[in-house]
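The next block holds one structure in the form of structure tokens; read it before the comments.
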Amino acid sequence: MKKRNIVRMLCALLAVCLLAGSLVACSKDSEIPEGFQYATCKGEYFRLFVPTQWTVNTESGVSGGHYSLAEGTAVSMIEVNFDKASVEGEEDTTATLDDFFSAHMQDISAIKGYKAEKEFNATLGSYKAKDITYVASKNGESYRFRQVLTKVENRFYLFTYSSKADTFERWLDTVDEILENVTFHGFPFEGTDDKKKIPNVDNVPAGMKLVTGNDVAYRFFAPENWIMGDAEAAALVYASEDDRSNVTVMGYVPDAEGYSVADYWENTEKYYKDNLRDYTATADPAEGKLGGKRATVYEYTYSLSGVTYKCRQIICVYSYMIVIMTYTALPENYDSHLPEVQQMQDALTFRR
């Protein structure tokens, strides 16, 4: 894992854990599949979703998202302007899916390093489609591509999954899920400005409220009397205006495959020892559960700006994410909120 990435993440984590200043504190969008988020540009007549652990990338005007830029793992979907070339004497000039597919195959066969692998008939959003896999060169490296082409009424669409050759197979099951959730509509997409809104969900624990929206992979619940804070890097709640004891939940996607809680804590503790005054582990690591996943609990104290804080972190691996729940309080307030913190830990669930 790149050191600068975890340092940036840890700085963000400390920032939300230590908020002591002024903190300020709908409807369910049922078309979002559990564990997914919109990756669709405004105005498109389709809906593309990617897992909540991925990064959405729609700024360029192309619907899509990526898991890792380093390994080139990304998906995209576009509407293609396509008109069938006219043939003298032909009465019906309406372009078909076969026409679109033939023209596309001619285009990609000219790409450097192109080598066809698979080709078969499929469906996309209940419409007939063509599904192809091939190898080609990109920026001097060998990539593998999976593309699905379809026609919906008079519109033509191209879905693309790409990854470096040695990581391509790893994501095929996820790509299958992405493709299964593609839908087409007769009205344009209105945008995703509200994706962080708190949705209406079933089975909210008694006496608790939902803190997180559909932009993250988990459902974080907190006691109703805790106040929701505004933090860019994590979901945040705190006990009261006077008692700034707070709990945050955030996810981190490491660069390395097979990254464990122990790997994460080794990097984290080194950072704490190097940067936090009087950092001291106050208990041995303990086993626990977070969202039904096996987790490890760490407790420690440290000083910052002359103030001592006591912390409890519950860390687990979910899919290819590290998920961290952090409780931070003044030592004199720490024990009084532990039952509520345990309640939050027990109530957290994952969306997939």
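Everything numeric here is computed off the predicted structure, so don't read it as measured data.
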Subject >> Steps toward side-chain hydrogen bond (donor to acceptor under 3.5 Å, both in side chains) verdict (Asp99, Thr96) >> reply: CA-CA 5 Å; Asp99 296 326; Thr96 65; 3.0 Å; yes

| Does the distance from a Lys or Arg side-chain N to an Asp or Glu carboxylate O, for Glu141 and Lys164, drop under 4.0 Å? | yes

Looking at Lys151 and Asp98, is any side-chain nitrogen of the basic one under 4.0 Å from a carboxylate oxygen of the acidic one? no

Flag side-chain contact, heavy atom, 4.5 Å: [X] against [Y]:
X	Y	result
Tyr272	Cys311	no
Ser260	Asp263	yes
Leu179	Leu124	yes
Val237	Ile227	no
Glu44	Arg155	no
Gln345	Met325	yes
Val317	Lys293	no
Val135	Glu117	yes

Over 12 foreign heavy atoms within 6.0 Å of [atom1], [X]:
X	atom1	answer
Glu332	CD	yes
Asp278	CG	yes
Asp284	CG	no
Asp107	CG	yes
Glu169	CD	yes
Asp166	CG	yes

For [X] and [Y], which I'm curious about, is there any donor-acceptor pair between the side chains at under 3.5 Å?
X	Y	answer
Ser240	Asp242	no
Thr183	His185	yes
Lys130	Asn121	yes
Thr160	Gln147	yes
Gln313	Thr326	yes

Are the aromatic rings of [X] and [Y] close, with centres under 6.0 Å apart?
X	Y	value
Tyr259	Tyr264	no
Tyr134	Tyr114	yes
Tyr238	Trp226	no
Tyr127	Phe184	yes

Only one of Phe156, Phe189, Phe159, Tyr157 clears ring pair (Phe, Tyr, Trp, His ring centres under 6.0 Å) with Phe46; which?
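Exactly one pass, corresponding to Tyr157.
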
Please name the pair of heavy atoms, one in [X] and one in [Y], separated by the smallest distance, quoted to 0.1 Å.
X	Y	answer
Tyr218	Gly251	OH-N, 3.8 Å
His66	Asn57	ND1-CB, 4.2 Å
Pro205	Ala347	CG-CB, 3.9 Å
Cys316	Phe350	SG-CZ, 3.9 Å
Thr150	Leu97	CA-CD1, 3.7 Å
Ala103	Phe82	CB-CE1, 3.6 Å

* Asked: Hey, does the Lys NZ or Arg CZ of Lys273 hover above the aromatic six-ring of Tyr279, less than 6.0 Å from the centre and inside 45° of the axis?
  ->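 No, Lys273 and Tyr279 do not form such a contact.
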
Roughly how far apart are [X] [atom1] and [Y] [atom2], rounded to 0.5 Å?
X	Y	atom1	atom2	value
Ser162	Phe145	OG	CZ	5.5 Å
Leu236	Thr248	CG	OG1	7.0 Å
Tyr298	Ile324	OH	CD1	11.5 Å
His337	Gln342	NE2	CD	15.5 Å
Arg170	Leu172	CZ	CG	12.0 Å
Met77	Thr40	CE	OG1	8.5 Å

For this session: Any chance you could lay out the side chain to side chain contact (heavy atoms under 4.5 Å, CB included) test for Leu158 and His104, step after step, and finish with the verdict?
Result: CA-CA 10 Å; Leu158 174 65; His104 181 71; 3.8 Å; yes

Which is it for Val249 and Leu348 under the side chain to side chain contact (heavy atoms under 4.5 Å, CB included) test, yes or no, and what are the steps along the way? CA-CA 10 Å; Val249 179; Leu348 186 138; 4.0 Å; yes

Q) With no hydrogens and no angle check, is any side-chain donor or acceptor of Thr167 less than 3.5 Å from a backbone partner on Ser163? A) no

* Asked: Are the side chain of Gln37 and the backbone of Trp54 linked by a donor-acceptor contact shorter than 3.5 Å?
  -> yes

* Asked: Glu119 and Phe101: side chain to side chain contact (heavy atoms under 4.5 Å, CB included), yes or no, with the steps?
  -> CA-CA 11 Å; Glu119 175 187 325; Phe101 178 67; 3.5 Å; yes

| request: Could you check whether the rings of Tyr161 and Phe168 sit parallel, tilted or perpendicular, using 30° and 60° as the cut-offs? | output: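 The arrangement is parallel - the two ring planes meet at less than 30°.
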
| said: Working note: Gln53 + Tyr67, criterion side chain to side chain contact (heavy atoms under 4.5 Å, CB included); need CA distance, chi angles, decisive distance, verdict. | reply: CA-CA 7 Å; Gln53 302 97 323; Tyr67 167 68; 5.6 Å; no

- Message: Hydrophobic clustering (ILVMFWY, side-chain heavy atoms < 4.5 Å, transitive) - are Val307 and Tyr302 grouped together?
- Response: yes

